[in-house]
Undergrad: 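Okay, handing you the structure first.
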Protein chains: 2
Amino acid sequence: MAGPGRQSKLEQAGGPADASGVPEMATIIGYKLRRAQLLVFQDFIDSFAELPLRPAEFSVLALIARTPGLKQSDIAARLGIKRANFVSLMDGLERRGLAERRKAAGDKRSHSLHLTEQGNRFVARMVELWQAHEQRLVDSLGGAAERDRLIALLDRIIGAKG
Amino acid sequence: MAGPGRQSKLEQAGGPADASGVPEMATIIGYKLRRAQLLVFQDFIDSFAELPLRPAEFSVLALIARTPGLKQSDIAARLGIKRANFVSLMDGLERRGLAERRKAAGDKRSHSLHLTEQGNRFVARMVELWQAHEQRLVDSLGGAAERDRLIALLDRIIGAKG
DNA sequence: ACAGAATTGTTATGGTAGTGAACTATTCCG
DNA sequence: CGGAATAGTTCACTACCATAACAATTCTGT
């Protein structure tokens, strides 16, 4: 708690800190993470000016495309979306004719989710736009190897939660 | 656009994709970034249950502590906060007696921002709690070297925007 | 010096997400 | 069968972010 004079024990968790230990924002993981994420999402939004599509909608369509027939709760849970919030999201996709709820076979409570024909065409174009966006990111990182390293590091933070 | 049968040109930007090119969420940079950021912020919030303090407030206090006397617009701009939204944020810190607006010397329009005495004590405790949080993150990453690698990769995405 | 442009802080307002509680219909289970 | 659990939905509430407008002040060019 005293003034200056010692400097050995600093630098354990945070990066450069001033005499009082207050960290510089540039060295804080959460801060950098947030800034990077906002920029990536903005680039995503810009990339999809033509469609348009928000990140959450993209993830829902991609998941339905890969695993059609899952019920709403499953899709929502896999994406970390509360089922209450998922309703209006799915309403929007249905209103646009991209996806649809079907009465699930065995369970009259649940809906199984599928793409429509139009949804399939939409997803094809969506994937093209996404690839351009993702390629831009990979380039900024310096290559696919760096992309993999970044994903691996983020996975360590995310841990078992997949 | 045809069916299966070719596979050479895939894997340019995105990771594993199915036959139609739809990416798996686990390989998407923006998705992982968002998930990791949400988890980090949640851990931050939990770490500050005792104070309590939100990430944006933390960043403002840390910046004022390191560079007292800056005017509102400067602090807001450095943190990427619109000055309109900064007002209520600063109101809260002032109401809690942690920071204060002083009439700037040369310019009667602007306010220079400073910590109060209580604010200094608060920041000292805040830094302790933050270090525990950050240490937890560094541990999950596998060490300080991995932290540095992550920051470096995120900086590539952020680019010149600091 | 003075008029017009720019800056600072502020208010008001709207949009978008995300949360928890409560409700209906249905299914599960003892 | 009857109570507990589940799926989807609605609702009220909050947090956050953006834009536009405004008053006070400062800057700038002539």
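In what follows, every chain begins at residue 1, and chains take the letters A, B, ... in the order their sequences are listed.
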Undergrad: Name the residue closer to the 5' end of DNA chain D, choosing between A:Ser73 and A:Arg34 according to the nucleotide with the nearest heavy atom.
TA: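 Upstream on the strand: A:Ser73.
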
Undergrad: So if I take every side-chain heavy atom of B:Ala84 and compare against D:dA20, C:dT26, C:dA21, which nucleotide ends up nearest?
TA: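 That would be D:dA20.
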
Undergrad: Please check the phosphate of C:dT10 (OP1 and OP2 only) for any side-chain N or O of B:Gln72 closer than 4.0 Å.
TA: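 Result: yes.
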
Undergrad: Does B:Gly80 reach a base, just sugar-phosphate, or nothing at all? Heavy atoms under 4.0 Å.
TA: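 Nothing, no nucleic acid heavy atom in range.
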
Undergrad: Atom CG of A:Leu70 and atom C1' of D:dA7: how far apart are they, to the nearest Å?
TA: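 About 14 Å, once rounded to whole Å.
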
Undergrad: May I ask you to decide if the ring planes of A:Phe41 and A:Phe44 are parallel, tilted or perpendicular, using 30° and 60° as cut-offs?
TA: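 Judged by the thresholds at 30° and 60°, the geometry between A:Phe41 and A:Phe44 is tilted.
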
Undergrad: How many whole angstroms separate atom CZ of B:Phe86 from atom C1' of C:dT10?
TA: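 Interatomic distance, CZ of B:Phe86 to C1' of C:dT10: 13 Å.
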
Undergrad: Just call it for A:Ala56: base, sugar-phosphate, or nothing, with non-hydrogen atoms closer than 4.0 Å on any strand.
TA: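 Result for A:Ala56 = nothing.
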
Undergrad: Roughly how many Å is it from CG in A:Leu89 to C1' in C:dG18, rounded to a whole number?
TA: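 Rounded to the whole Å, the gap is 12 Å.
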
Undergrad: How close do B:His133 and B:Asp43 get, counting heavy atoms only, and between which atoms?
TA: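 Residues B:His133 and B:Asp43, closest heavy atoms: ND1-OD1, 2.6 Å.
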
Undergrad: Could you walk me through whether B:Arg136 and B:Glu134 pass salt bridge (Lys or Arg N to Asp or Glu O under 4.0 Å), step by step?
TA: CA-CA 5 Å; B:Arg136 212 162 25 245; B:Glu134 195 82 356; over 6 Å; no

Undergrad: With a non-hydrogen cut-off below 4.0 angstrom, is B:Gly106 in contact with a base, only sugar-phosphate, or nothing?
TA: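 Sugar-phosphate only.
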
Undergrad: Assign A:Asp107 to base, sugar-phosphate, or nothing according to its heavy-atom contacts below 4.0 angstrom with the strands shown.
TA: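 Sugar-phosphate, no base atom in range.
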
Undergrad: Atom CD of B:Gln37 to atom P of C:dA17: distance rounded to whole Å?
TA: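 Between P of C:dA17 and CD of B:Gln37: 15 Å.
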
Undergrad: Which whole-number value in Å describes the distance from B:Lys103 NZ to D:dT26 C1'?
TA: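 Between C1' of D:dT26 and NZ of B:Lys103: 17 Å.
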
Undergrad: Is the backbone of B:Gly97 close enough, under 3.5 Å, to the side chain of B:Thr116 for a donor and an acceptor to pair up by distance?
TA: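 Indeed, once roles are kept as given, a pair shorter than 3.5 Å links the two residues.
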
Undergrad: Consider only side-chain heavy atoms of I, L, V, M, F, W and Y, link residues closer than 4.5 Å, and tell whether A:Trp130 and A:Leu79 are in one cluster.
TA: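 Yes, one cluster joins them.
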
Undergrad: Using whole Å, what does the distance between atom P of nucleotide D:dG8 and atom CG of A:Leu113 come to?
TA: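 To the nearest whole Å, that distance equals 7 Å.
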
Undergrad: For the side chain to side chain contact (heavy atoms under 4.5 Å, CB included) test, which of A:Met126, A:Arg125, A:Arg121 pairs with A:Val123?
TA: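 Checked A:Met126, A:Arg125, A:Arg121 against A:Val123; only one passes side chain to side chain contact (heavy atoms under 4.5 Å, CB included): A:Met126.
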
Undergrad: Rounded to whole Å, how long is the line connecting atom NZ of A:Lys82 with atom C1' of C:dA17?
TA: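 Distance, rounded to whole Å: 12 Å.
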
Undergrad: Counting heavy atoms from C-beta on, name the nucleotide in D:dG8, C:dA6, C:dT27 closest to the side chain of A:Val87.
TA: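 The listed nucleotide nearest to A:Val87's side chain is D:dG8.
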
Undergrad: If each of A:Arg54 and B:Asp74 is mapped to the nucleotide of DNA chain C with the nearest heavy atom, which maps nearer the 5' terminus, i.e. the 5' end?
TA: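 The residue mapped nearer the 5' terminus is B:Asp74.
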
Undergrad: Can you identify which nucleotide, out of D:dA7, C:dT8, D:dT10, has its nearest atom closest to the B:Lys71 side chain?
TA: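 Output: C:dT8.
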
Undergrad: Which whole-number value in Å describes the distance from B:Asn85 CG to C:dG14 P?
TA: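 Rounded to the whole Å, the gap is 16 Å.
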
Undergrad: B:Arg109 side chain: which of D:dT10, C:dT7, D:dA7 is closest?
TA: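 Closest nucleotide to the B:Arg109 side chain: C:dT7.
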
Undergrad: Less than 4.0 angstrom between a side-chain N/O of A:Arg101 and OP1 or OP2 of D:dT9, yes or no?
TA: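 Yes, A:Arg101 has a side-chain N/O under 4.0 Å of OP1/OP2 on D:dT9.
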
Undergrad: Quick one: which of C:dT27, D:dA20, D:dT9 gets closest to the side chain of A:Lys108?
TA: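 Of the options given, the side chain of A:Lys108 lies nearest C:dT27.
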
